[in-house]
Amino acid sequence: MKNDINMWEFLGGLVVGAGAIFVKDAVVGNQGGNNAKLKQELKELYDENEKFRQRSKELQRRVEDLQIENRNLKNSNKSGSDNMEDLRDDLEDAQAKIKKLEQMNDELSRKVREYKRACDDYETELNALKK
């Protein structure tokens, strides 16, 4: 984008330089000739140069706006990456907790089965003693 701006400045300078050479040649070669025509051509060259200058300023502002937008997008992307990293950490923590709770559940289920068998055995003994 900077190259485009430099190109416009170069073209503007080229136009002004060519105009100056043209005016110089016209004035030197036509010393009392057509002053009004030269002034008109000089004014046209000045106006064209002014248009190039305005266009250059506009392009510079546009480049600055795009650079700001680019920085904002990079920051947003970085923030999103950080959030994704946090979510991954939370997921890993939750998976570890689930695994631990499943192990505890299996252990408690095993103990409940043992207690149930023990209760069944005690009930069988009690029935046997009653008879």
Side-chain angles (χ1 to χ4, degrees):
M1 207 64 167
K2 254 187 176 174
N3 289 337
D4 290 341
I5 293 170
N6 290 337
M7 182 60 80
W8 283 110
E9 291 173 355
F10 172 75
L11 288 175
L14 189 62
V15 168
V16 170
I21 290 172
F22 177 77
V23 169
K24 178 189 163 261
D25 288 345
V27 169
V28 170
N30 205 5
Q31 289 267 332
N34 213 348
N35 254 351
K37 184 178 178 185
L38 291 176
K39 285 182 182 181
Q40 178 63 26
E41 288 177 9
L42 187 59
K43 183 182 181 315
E44 289 173 6
L45 288 173
Y46 176 78
D47 290 344
E48 192 170 343
N49 186 41
E50 187 64 23
K51 286 178 190 174
F52 283 129
R53 191 179 67 75
Q54 290 296 329
R55 179 73 175 146
S56 175
K57 277 185 177 181
E58 180 183 323
L59 289 173
Q60 283 177 336
R61 279 190 227 114
R62 189 168 176 205
V63 165
E64 289 170 358
D65 291 344
L66 289 172
Q67 287 173 338
I68 290 170
E69 185 177 347
N70 189 27
R71 261 187 260 124
N72 291 340
L73 288 173
K74 282 182 182 178
N75 290 340
S76 170
N77 187 28
K78 184 178 179 183
S79 175
S81 295
D82 291 346
N83 289 341
M84 185 64 94
E85 191 74 26
D86 291 343
L87 287 173
R88 283 189 185 127
D89 290 344
D90 291 346
L91 177 62
E92 288 173 5
D93 291 345
Q95 287 173 333
K97 191 172 186 177
I98 288 171
K99 187 174 181 178
K100 185 177 179 181
L101 289 172
E102 286 175 340
Q103 289 173 346
M104 288 174 60
N105 189 39
D106 291 343
E107 180 67 22
L108 289 173
S109 293
R110 186 185 59 76
K111 285 182 181 180
V112 166
R113 283 192 300 273
E114 286 178 13
Y115 289 138
K116 187 174 181 184
R117 266 186 260 139
C119 287
D120 288 343
D121 290 343
Y122 288 138
E123 187 176 343
T124 305
E125 270 185 53
L126 280 175
N127 285 336
L129 288 174
K130 284 183 183 177
K131 290 183 181 182

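Start at 1 with the first residue, then count along the sequence.
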CG/Asp65 to CD/Gln60 distance, rounded to the nearest 0.5 angstrom? 12.0 Å
Salt-bridge present (Asp47, Lys51; N to O < 4.0 Å): no
For Asp120, what residues pass the salt bridge (Lys or Arg N to Asp or Glu O under 4.0 Å) criterion, not counting sequence neighbours? none
First locate atom CG of Leu91, then atom CZ of Arg88, and finally report the distance between them rounded to the nearest 0.5 Å. 9.5 Å
Check this for me, if you would: do Arg61 and Glu64 make a salt bridge, where the nitrogen-to-carboxylate-oxygen distance has to be below 4.0 angstrom? no
For the CD1 atom of Ile98 and the CD atom of Glu102, what is their distance to the nearest 0.5 Å? 7.0 Å
Determine which pairs satisfy side chain to side chain donor-acceptor pair (under 3.5 Å) with at least one residue from residues 106-116, sequence neighbours left out, and list them in order. Glu107-Arg110, Arg110-Glu114
What's the spacing between Asp121 CG and Glu123 CD if we round to 0.5 Å? 10.0 Å
Quick one: pull up CD in Gln40 and CG in Leu45 and give me the separation to the nearest 0.5 Å. 10.0 Å
Nearest 0.5 Å, what's the CG-CG distance between Asn77 and Asn72? 12.5 Å
Report the C-alpha separation of Lys78 and Asn75 in whole Å, then their side-chain angles, then the decisive distance to 0.1 Å, and conclude whether the side chain to side chain contact (heavy atoms under 4.5 Å, CB included) test is met. CA-CA 5 Å; Lys78 184 178 179 183; Asn75 290 340; 5.5 Å; no
Distance alone, cut at 3.5 Å: any donor-acceptor contact between the side chains of Glu58 and Gln54? no
